[in-house]
Every structure is written in C-alpha cells, then in structure tokens.
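Worksheet for the structure shown next.
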Amino acid sequence: MKQLEFRDFYRADRDACLRAVLAAVGDRQLAEDLVAEAFTRAWVAWPKVGRHPAPRAWVVRTALNTRVSWWRRQRREVVRESVPDLPAAPGGDASVDPGLLSALRQLPQRQREVVAYRVFLDLDTGATAAALGIAPGTVTAHLSRAVATLRGHLVSTQSPEGGR
C-alpha cells in the first residue's frame with residue numbers, strides 16, 4: 001500500500017514541486033537534483049510525510065533545506081550571471097519561462113522561496129508561513145515586495161520600443 005500511495009503522490013506532484021524549487025533556486029539541474037533527493041527522503045519517511053497536511057510543501061522545504069546543507073558543505077555558492085538555455089521538459093509541464101526565471105534570480109532568497117510556495121505550489125499564506133517557519137505577515141510582505149519587483153522588471157522588459 002505504501003508503494004501505491006507514494007507512487008501516486010510522486011506522479012501527481014513531482015512537476016509542481018520541481019517548478020517551485022526551480023523558482024526558488026534558479027538553476028534547473030540543481031532543482032532536479034534537490035527534488036530527487038527530497039522525494040527520496042519522502043519515500044523513506046512516507047508514513048509521516050503521507051499524513052503531513054501539505055506533503056508537497058514538505059518535499060519543497062526538504063529540497064530547499066538540502067540545498068542549504070550542500071551549500072554549507074561546499075562553503076561557496078555558484079552565481080549564474082545569465083540564463084542558460086533550458087531544455088524543454090518532457091510534456092512541457094515543469095518548465096518555467098526563462099524571462100521569469102531570470103527575474104526570479106534577481107530576488108532575495110526568502111522572496112524567491114515565498115513566490116515558490118505561494119505561486120508555484122498555490123499554498124495559502126498560513127501554509128506558506130508554516131512551511132518556511134516565518135510569520136504570515138512576513139510572507140505577505142515578502143510576496144508584495146517580490147511581485148512589485150517582478151512587475152517592474154517584467155513590464156519594463158516587455159514594453160514596446162518607443163512606448164508612447
């Protein structure tokens with residue numbers, strides 16, 4: 001029974017988790033590695049994770065915590081200055097627009113995490129706050145700042161030339 005429940009969860013939620021982690025970390029290969037690690041940990045702890053009120057949030061939080069652990073071990077973070085060409089995802093489900101991904105990379109880490117949970121996982125403010133271990137008001141503030149920054153960036157890059 002454990003195998004069937006987990007398999008269904010994995011098939012239904014893998015792409016959503018990948019999009020959320022990709023939005024938070026900004027690197028497709030890293031996001032895929034982190035999500036694979038997080039789903040492996042979810043499989044091992046499935047009796048607990050399966051009863052969690054938001055299993056997708058558990059997977060994304062685990063993926064992001066894993067990134068922090070990896071970073072601490074390496075003691076450095078590689079920053080990409082440009083958006084690499086992203087291969088199309090099978091079925092196109094897990095892809096994120098390269099322009100949006102570039103704009104997301106310019107946000108502070110916590111704002112990227114809030115966007116990942118609120119937008120890509122479609123969690124409410126309370127669930128996002130619980131998953132990130134911050135106050136609901138902090139979630140709202142980070143989301144507001146992130147949306148304003150993204151809007152300013154995306155609108156200015158999409159304005160027609162001559163804009164009058």
Side-chain angles (χ1 to χ4, degrees), residues 9-10 12-45 48-84 86 89 93-157:
F9 168 68
Y10 178 81
D13 295 315
R14 181 193 176 275
D15 287 345
C17 291
L18 179 59
R19 282 191 301 269
V21 173
L22 178 57
V25 302
D27 180 306
R28 184 172 184 86
Q29 185 60 51
L30 176 60
E32 288 175 352
D33 291 347
L34 292 170
V35 168
E37 177 69 22
F39 269 105
T40 300
R41 292 179 186 188
W43 164 251
V44 170
K48 174 183 145 192
V49 175
R51 290 188 315 270
H52 191 278
R56 291 188 312 172
W58 187 97
V59 169
V60 172
R61 179 78 261 156
T62 299
L64 296 177
N65 286 346
T66 300
R67 178 182 186 226
V68 170
S69 296
W70 290 354
W71 178 82
R72 284 181 179 150
R73 272 182 275 184
Q74 293 178 354
R75 293 278 186 205
R76 63 184 172 89
E77 182 175 351
V78 177
V79 178
R80 296 189 184 254
E81 293 297 323
S82 63
V83 178
L86 296 175
D93 288 344
S95 62
V96 176
D97 178 81
L100 176 59
L101 190 56
S102 176
L104 285 168
R105 283 189 182 125
Q106 295 175 27
L107 295 175
Q109 179 67 32
R110 183 59 84 185
Q111 288 180 18
R112 287 195 312 263
E113 291 173 352
V114 167
V115 168
Y117 280 91
R118 291 285 285 128
V119 176
F120 290 91
L121 286 184
D122 197 27
L123 294 181
D124 63 24
T125 301
T128 300
L132 293 174
I134 58 179
T138 304
V139 169
T140 304
H142 280 304
L143 184 61
S144 175
R145 289 182 194 125
V147 168
T149 300
L150 291 171
R151 182 179 295 128
H153 177 74
L154 295 174
V155 169
S156 69
T157 60

_A57: partners by side chain to side chain contact (heavy atoms under 4.5 Å, CB included), with sequence neighbours left out_ = A54, Y117, L123, A131
*What heavy-atom pair brings V115 and A146 nearest, and what distance separates the two atoms?*
CG2-CB, 3.7 Å
*asked:* Minimum heavy-atom separation for A20 and V60, please, with both atom names.
replied: CB-CG2, 4.0 Å
*Closest approach of A38 to A63 (non-hydrogen atoms, all atoms of both residues)*: CB-N, 3.7 Å
*Listed partners of P108 passing side chain to side chain contact (heavy atoms under 4.5 Å, CB included), at least two apart*: Q111
*Looking at L101 and G26, what are the two nearest heavy atoms and their distance?*
CD1-CA, 3.8 Å
*Please name all residues satisfying side-chain hydrogen bond (donor to acceptor under 3.5 Å, both in side chains) with D33, sequence neighbours left out, ordered by chain then number.*
Q29
*asked:* Donor-acceptor check, side chain of T62 to backbone of W58, threshold 3.5 angstrom: yes or no?
replied: yes
*Enter the distance from R28:CZ to L30:CG here, rounded to the nearest 0.5 Å.*
12.0 Å
*Mind listing the closest non-hydrogen atom pair of R112 and L104 along with its distance?*
CD-O, 2.8 Å
*Those residues that, when tested against R118, pass salt bridge (Lys or Arg N to Asp or Glu O under 4.0 Å) (two or more places apart)*: none
_Under the rule for side chain to side chain contact (heavy atoms under 4.5 Å, CB included), what residues qualify as partners of T138, not counting sequence neighbours?_
I134, A135, H142
*CG on L150 to CG on L107, rounded to 0.5 Å*: 4.5 Å
_Quick one: does any side-chain atom of T40 pair with a main-chain N or O of A36 as donor and acceptor, under 3.5 Å?_
yes
_With N65 via side-chain hydrogen bond (donor to acceptor under 3.5 Å, both in side chains) - residues at least two apart_ = R61
*Show the numbers, then the answer: is there a side-chain contact (heavy atoms from CB on, under 4.5 Å) between R41 and V49?*
CA-CA 9 Å; R41 292 179 186 188; V49 175; over 6 Å; no
*Hey, could you give me the CZ/CZ distance between R14 and R19, rounded to the nearest 0.5 Å?*
10.5 Å
*With sequence neighbours excluded, tell me which residues meet ring-ring contact (aromatic ring centres under 6.0 Å, His included) with F39.*
F9, Y10
*State, to 0.1 Å, how close T125 and P136 come at their nearest heavy-atom pair, and which atoms those are.*
CG2-O, 3.4 Å
*Q106: what forms a side-chain hydrogen bond (donor to acceptor under 3.5 Å, both in side chains) with it, not counting sequence neighbours?*
none
*Only one of V139, T128, L64 clears side-chain contact (heavy atoms from CB on, under 4.5 Å) with E113; which?*
L64
_A31: partners by side chain to side chain contact (heavy atoms under 4.5 Å, CB included), with sequence neighbours left out_ = L18, V21, L22, V25
